[in-house]
Amino acid sequence: MLSTFSAVAWAAGGASSAGARSLASKTTTRTTGSPQRYFGAAARIDQISSEPGLAELFLRQCTCITPEIHLKWDALEWEEGRFSFEPADDLVRFAVKHGMSVRGHTLLWDQSTPRWAKKRLKRERDWSLIKRHFDIVLGRYADHVSEWDVINEPVGDDGSDGGFRRNTFFEAFGPSYVERALRTARERAPRARLAINDYGFDYDNPVEEKRRTNFLKMIETLRRADVPIDSVGVQAHLDLSKGPLNQRIVENFLNDLAGLGLDIAITELDVKERDLRAPIPVRDARVAAEVQSYLEVALAQPAVRGVITWGLSDRHSWLQDQMPGGRPKKLEKLNRGLPFDAELRPKPLHGAILAALQPDAPAGALALRAR
Ligand code: G3I
């Protein structure tokens, strides 16, 4: 296992966002025979439209975006029947205009289900509410969203309830809600790729071991019943307090998933730091080393089609809101778990992702994204 980050790729990366090589090159010639992967990031239209530098960064770095919040049920319909499509429309339009694909995140997630819908689902146990939601969202975005996280985070932490998380949908419909959701989505969006997306599969501890087992069992059952599912999303929110990664565990898990005949996407990659008091170069090297170690095995698995980070800049990372005491005011106190810092400068993590995605890119060459 690699414990330190090799600075080679980072040195070739440049120190300003404008000079940073694109992570999403389509132009690199492959000599290794490995498949070309996409690179993308989670995005918010309010941030993109108010920060030209950030918009430029997305255009330069990504061939794919995931709306971080705008497509969630509570973002679209906070109050029953009152829809707010504008942010999602604008972000999807931005992506389409610039030739980026969109990952639809997410149709069903307990945490982003509006309160009114949770209440109704628990009381009425009526699938027509789910169907209505899918009809509206898939109907509006089907032409522009190539892949959907139909269900987000259905996996439980222990062996109870058949390995399912006991969420609103499970309580209303039992475990069959997963299968029903996929079938309902397929009816409404026959051309889209359908996925289940989940977290907590990366580390060598009993909870994550159980989660891997539960997830594999869930997917295997769906495959056996011929349920429409095309891919799985592995979030990969890495966490240095749980590490270092055991590469063998990641490798075996992805192998097992691939063996079930599905594509895999790394959908929410970022790193939560453990020691924020260390000097910044040390912190950045630790973060980059963890991702280098992860991607080394993940991208050796041909079923892994691409990598998406959960944001591009530390300034916007959800992890800042998870800090004890809330989002830090000083830039140097921010978690540094994304490829660009708060001022949009590329970090060693950018170099680590670049080296993993484009191993045969000629050193020093600018590998620009084809627009
Ligand atoms: O926009 C409102 C703002 O008007 C209000 O003042 C503020 C007060 O709390 O809330 C703002 O909304 C927040 C929104 O992010 C935008 O910042 C929501 O409260 C907050 O819940 C929401 O958090 C998002 C979370 O999912 C829930 O939707 C995070 O940004 C987003 O990064 C996170 O993403 C999830 C993935 O979907 C699934 N996997 C885990 C990942 C991290 O939790």
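Model, not experiment: these values are computed from the prediction.
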CA sep, side-chain torsions, deciding dist, call: Arg224, Glu220, salt bridge (Lys or Arg N to Asp or Glu O under 4.0 Å): CA-CA 6 Å; Arg224 236 188 278 121; Glu220 199 180 352; 3.5 Å; yes
Could you walk me through whether Val287 and Arg283 pass the side-chain contact (heavy atoms from CB on, under 4.5 Å) test, one step at a time? CA-CA 6 Å; Val287 166; Arg283 291 170 55 191; 5.6 Å; no
Using salt bridge (Lys or Arg N to Asp or Glu O under 4.0 Å), reason through Glu290 and Arg286 one step at a time and then give a plain yes or no. CA-CA 6 Å; Glu290 188 77 343; Arg286 285 176 181 155; over 6 Å; no
With side chain to side chain donor-acceptor pair (under 3.5 Å) as the criterion, how do Trp109 and Glu153 come out once you've worked through the C-alpha distance, each side chain's angles and the decisive distance to 0.1 Å? CA-CA 7 Å; Trp109 183 27; Glu153 303 178 8; 3.0 Å; yes
Distance (rounded to the nearest 0.5 Å) between Ile229 CD1 and Arg193 CZ: 10.5 Å
Carefully, step by step, assess Asp239 and Arg274 under the rule salt bridge (Lys or Arg N to Asp or Glu O under 4.0 Å). CA-CA 7 Å; Asp239 183 341; Arg274 184 168 61 93; over 6 Å; no
As an exercise, state the distance from CG of Asp270 to CH2 of Trp310, rounded to the nearest 0.5 Å. 9.5 Å
If I take atom OG1 from residue Thr113 and atom NZ from residue Lys118, how far apart are they, to the nearest 0.5 angstrom? 6.0 Å
Would you check if the side chain of Glu273 reaches a backbone N or O of Leu240 as a donor-acceptor pair within less than 3.5 Å? no
Does some side-chain heavy atom of Leu107 sit less than 4.5 Å from a side-chain heavy atom of Asp149? no
Check for a donor-acceptor pair, side chain of Asn214 on one end and backbone N or O of Asp158 on the other, with a separation under 3.5 Å. yes
Test log, rule side-chain contact (heavy atoms from CB on, under 4.5 Å), inputs Trp127 and Thr184: CA-CA 10 Å; Trp127 190 256; Thr184 304; 3.1 Å; yes
With under 30° as parallel and over 60° as perpendicular, where do the rings of Phe164 and Tyr177 fit, or are they tilted in between? perpendicular
Which donor-acceptor pairs under 3.5 Å do the side chains of residues 64-74 make with protein atoms, sequence neighbours left out?
| from | atom 1 | to | atom 2 | distance (Å) |
| --- | --- | --- | --- | --- |
| His70 | NE2 | Ile45 | N | 2.9 |
| Lys72 | NZ | Glu68 | O | 2.9 |
| Trp73 | NE1 | Glu77 | OE1 | 3.2 |

Parallel, tilted or perpendicular, judged at 30° and 60°: which one describes the rings of Phe85 and Phe83? parallel
Please say which of Arg180, Arg186, Glu179 ends up in a side chain to side chain contact (heavy atoms under 4.5 Å, CB included) with Arg183. Glu179
Pairs where residues 243-261 contributes a residue and the test salt bridge (Lys or Arg N to Asp or Glu O under 4.0 Å) is met, not counting sequence neighbours: none
When rounded to the nearest 0.5 Å, the distance separating CG of Asp204 from NZ of Lys242 is 12.0 Å
Charged N to carboxylate O under 4.0 angstrom, Glu208 versus Arg211? no
SB check Glu171 Arg125 (cutoff 4.0 Å): no
Is the shortest distance from a Lys or Arg side-chain nitrogen in Lys347 or Asp341 to a carboxylate oxygen in the other one below 4.0 Å? no
Give a yes or no answer on whether the side chain of Asn335 reaches the backbone of Val271 with a donor-acceptor pair at less than 3.5 Å. yes
How close do Asp230 and Ala192 get, counting heavy atoms only, and between which atoms? OD2-O, 3.8 Å
Given Leu349, Leu23, Leu269, Val291, the one that forms side chain to side chain contact (heavy atoms under 4.5 Å, CB included) with Thr309: Leu269
Run the numbers on Val234 and Leu257 for side-chain contact (heavy atoms from CB on, under 4.5 Å), then give the verdict. CA-CA 10 Å; Val234 172; Leu257 274 179; 4.0 Å; yes
Let's go through Arg305 and Asp263 carefully: what are the C-alpha distance in whole Å and the side-chain angles of both, what is the deciding distance for salt bridge (Lys or Arg N to Asp or Glu O under 4.0 Å) to 0.1 Å, and is it a yes or a no? CA-CA 7 Å; Arg305 300 284 302 280; Asp263 281 349; 2.5 Å; yes
Under 3.5 Å, is there a donor-acceptor pair linking the side chains of Gln301 and Asn255? yes
Identify the residue among Tyr199, Phe201, Trp318, Tyr203 that makes a ring-ring contact (aromatic ring centres under 6.0 Å, His included) with His237. Trp318
One should read off an interatomic distance between Arg315 CZ and Leu344 CG, to the nearest 0.5 angstrom, of 7.0 Å
Show, in sequence, the C-alpha distance, side-chain angles and deciding distance for Arg37 and Leu299, and conclude whether the side-chain contact (heavy atoms from CB on, under 4.5 Å) test is met. CA-CA 9 Å; Arg37 265 78 175 228; Leu299 298 187; 3.7 Å; yes
Spacing of Leu108 atom CG and Thr106 atom OG1 [to the nearest 0.5 Å]: 6.5 Å
Charged N-O contact under 4.0 Å between Asp90 and Arg93: yes
Do Asp202 and Phe253 have side chains that approach each other closer than 4.5 Å (heavy atoms only, starting at C-beta)? no
